[in-house]
Protein chains: 2
Amino acid sequence: MDGYELMGRHREFDVEKALDAAMCVFWRKGYEGASYADLTQAAGVERPALYSAFGNKEALFKKVLTRYYERHLDYIPVALQLPTAREVAAHILFNAIDLNTRYPEHTGCLGINGILAGSDEAEPVRLALIEARAEGEAMLLARFERAKVEGDLLPTANPDTLAKFVLAILHGMAVQAKAGFSPETLRAVAEQALSAFPGVR
Amino acid sequence: MDGYELMGRHREFDVEKALDAAMCVFWRKGYEGASYADLTQAAGVERPALYSAFGNKEALFKKVLTRYYERHLDYIPVALQLPTAREVAAHILFNAIDLNTRYPEHTGCLGINGILAGSDEAEPVRLALIEARAEGEAMLLARFERAKVEGDLLPTANPDTLAKFVLAILHGMAVQAKAGFSPETLRAVAEQALSAFPGVR
DNA sequence: ATCATTACGTAACGATCGTTATGAAATTTA
DNA sequence: TAAATTTCATAACGATCGTTACGTAATGAT
């Protein structure tokens, strides 16, 4: 299908750039806090153009969410391949700090910012965010279970609790980043958390 | 002023019950996710009655927030009076778990649920929530500094980092409660966090 | 009993929400 | 060059948002 030219007028805006613009808006304001006026203005595109390219607001958000995981949470699969559970946890925490504070105009985590509260209409999106979060937890749990088999986690360690603990810190730092915490401050929090991580120091 | 009867028609609804009803709605849906239709329906009161009693939506939310701190976060001042820093942290974490999971229809923490994202119009409320969070942190920090003076925190301990770490867990558990975590699961997370707490075991 | 004052329910306000009908402009196909 | 197809910008849709006139009912003060 490559090189095949569709009949009809060509799209005049860059779909990738429009998605990135929408991501910034959703990241800062959450799903419901972001209006279509915000989205079209950020993308520099009229309303019907966004609809024809991505569908409605919910569909657009889900595309953005997928993009967010691919483009900004790509450090997670990388972290999961590190040799020890402790290194995995440290890598995830420190990269999250960078992500949560890198862009001053949209701090915290896109995947968490919309997960807490909203109207009933936004419930499907909240559930999607909850599910995405759970998938990340499942991956981390699987990695910690492997670590137990491989011996770099003690037999007394509980991989499930450990995964949930690391993610609790992750979510807590996302909240604190939204409250204006600096990366240096968050780093101290992460290191304190890692001191609770079982295994050789 | 007690027993003094104001001129004019008497209020027919219970202000306290209306505030509690509004609290439930804000707790579940956040500030922006809660509509005035939701609030009036929950309170069983017509719109102008809410306005005349509490002012506009923002003023109502702030009254509810104050009430939330008084009625549901009252375990914090209690915790701060416990003899050791470790007991303070444990008391706060375990009571937060109970609060975050006690009401299935509005899980998590009212003070956190509205703190992450919203439209520009909701920014004043977000800032108020951020400030309230910071006040709690300041109280915990002061308590940990006292603990260092009193010797139940080692001289090498960093009270500021420790306070922020405990609150990171607190915020993280609020997110996880919103994601459906059971109190038992959250308790395991909290205990894992406490294992990172310096001092005698 | 009359007036002043407050709360009540109804009903509506302008603004914004997400969404879409519509016709002109642009491009490929034939 | 004419037909087919797609995108474009304008403009509007109905619904809901937070907020408030407005007229009536109820109470305290005189």
Side-chain angles (χ1 to χ4, degrees), chain A residues 1-19 21-22 25-26 29-64 114 117-126, chain B residues 1-19 21-22 25-26 29-64 114 117-126:
Chain A
M1 296 299 176
D2 204 5
Y4 177 78
E5 295 284 343
L6 229 54
M7 188 159 30
R9 186 172 176 172
H10 293 172
R11 183 166 279 135
E12 294 180 357
F13 68 95
D14 189 329
V15 172
E16 304 293 310
K17 288 183 180 177
L19 277 177
V25 176
F26 280 131
K29 304 191 173 187
Y31 173 68
E32 280 201 302
S35 72
Y36 237 91
D38 295 329
L39 295 166
T40 54
Q41 182 181 350
V45 160
E46 297 301 324
R47 299 158 99 89
L50 279 189
Y51 275 93
S52 85
F54 308 112
N56 68 3
K57 189 183 177 186
E58 181 174 339
L60 171 58
F61 181 83
K62 290 183 177 177
K63 282 189 174 63
V64 164
S119 74
D120 291 338
E121 298 174 6
E123 196 64 10
V125 171
R126 261 199 64 233
Chain B
M1 295 297 177
D2 204 3
Y4 177 76
E5 293 284 344
L6 228 53
M7 188 158 34
R9 184 171 177 175
H10 293 171
R11 184 165 279 135
E12 293 181 357
F13 68 94
D14 188 330
V15 171
E16 304 293 310
K17 288 183 179 177
L19 277 177
V25 176
F26 280 131
K29 302 190 174 188
Y31 173 67
E32 280 202 300
S35 71
Y36 237 91
D38 295 328
L39 294 166
T40 54
Q41 182 181 351
V45 161
E46 297 301 323
R47 299 158 99 91
L50 278 189
Y51 275 93
S52 85
F54 309 111
N56 66 5
K57 189 183 177 185
E58 182 173 338
L60 172 58
F61 181 81
K62 289 183 177 177
K63 282 190 174 60
V64 164
S119 74
D120 292 338
E121 298 174 5
E123 196 64 10
V125 170
R126 262 199 63 233

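- In this structure, B:L39 places its CG atom 12 Å from C1' of D:dC17, rounding to the nearest Å.
- The nearest pair of heavy atoms linking B:V25 to B:D38 is CG1-CB, 3.8 Å.
- Closest-nucleotide positions on DNA chain D for A:F13 and B:A37 were compared, and the one nearer the 5' end corresponds to A:F13.
- The nucleotide whose nearest atom lies closest to any side-chain atom of A:P48 is, among D:dT19, C:dG18, D:dA9, D:dA9.
- Other residues, nucleotides and ligands place more than 12 heavy atoms under 6.0 Å from the CD atom of A:E123.
- Across the protein-nucleic acid pair, A:D38 atom CG and C:dT16 atom P stand 12 Å apart, rounded to whole Å.
- One atom, CG of B:N56, and another, P of D:dT20, lie 7 Å apart when rounded to the nearest Å.
- Taking only distance into account, the side chain of A:R47 meets the base of C:dT19 through a donor-acceptor pair shorter than 3.5 Å.
- Between A:K29 and B:D120, the closest side-chain pair of non-hydrogen atoms falls below 4.5 Å.
- Between B:K29 atom NZ and D:dT16 atom C1' there is a gap of 13 Å when expressed in whole angstrom units.
- Ring planes of A:Y31 and A:F26: parallel class, angle under 30° (limits at 30 and 60°).
- In the interface, the side chain of B:R9 is not paired with the base of C:dT6 through any donor and acceptor atom under 3.5 Å apart.
- Atom CG of B:L60 is separated from atom P of D:dT20 by 14 Å (rounded to the nearest Å).
- Residue contacts shown for A:A53 are absent, as no nucleic acid heavy atom lies under 4.0 Å away.
- Using a 4.0 Å heavy-atom distance criterion, A:S52 is classed as making no nucleic acid contact.
- Atom CD of B:Q41 has 12 or fewer neighbouring heavy atoms from other residues, nucleotides or ligands inside a 6.0 Å radius.
- Toward the 5′ end of DNA chain C lies the nearest nucleotide of B:V45, the other residue of the pair A:E58 and B:V45 mapping further downstream.
- Side-chain atoms of B:M7 lie closest to C:dT5 of the nucleotides D:dG18, C:dT5, D:dA9.
- The side chain of A:Y51 has C:dG18 as its nearest neighbour among C:dG18, D:dG28, D:dT5.
- Taking only side-chain nitrogens and oxygens, B:H10 comes nearer than 4.0 Å to OP1 or OP2 of D:dG28.
- If you check D:dA4, C:dA7, D:dA9 against the side chain of B:R11, the one that comes closest is C:dA7.
- Toward the 5′ end of DNA chain D lies the nearest nucleotide of B:Y31, the other residue of the pair B:Y31 and B:G8 mapping further downstream.
- Rounding to whole angstrom units, CZ of residue B:F61 and C1' of D:dT19 are separated by 19 Å.
- In this structure, A:E12 atom CD and C:dA24 atom C1' are separated by 13 Å, rounded to whole Å.
- Between the CG atom of A:D120 and the P atom of D:dC17 there is a distance of 10 Å, rounded to whole Å.
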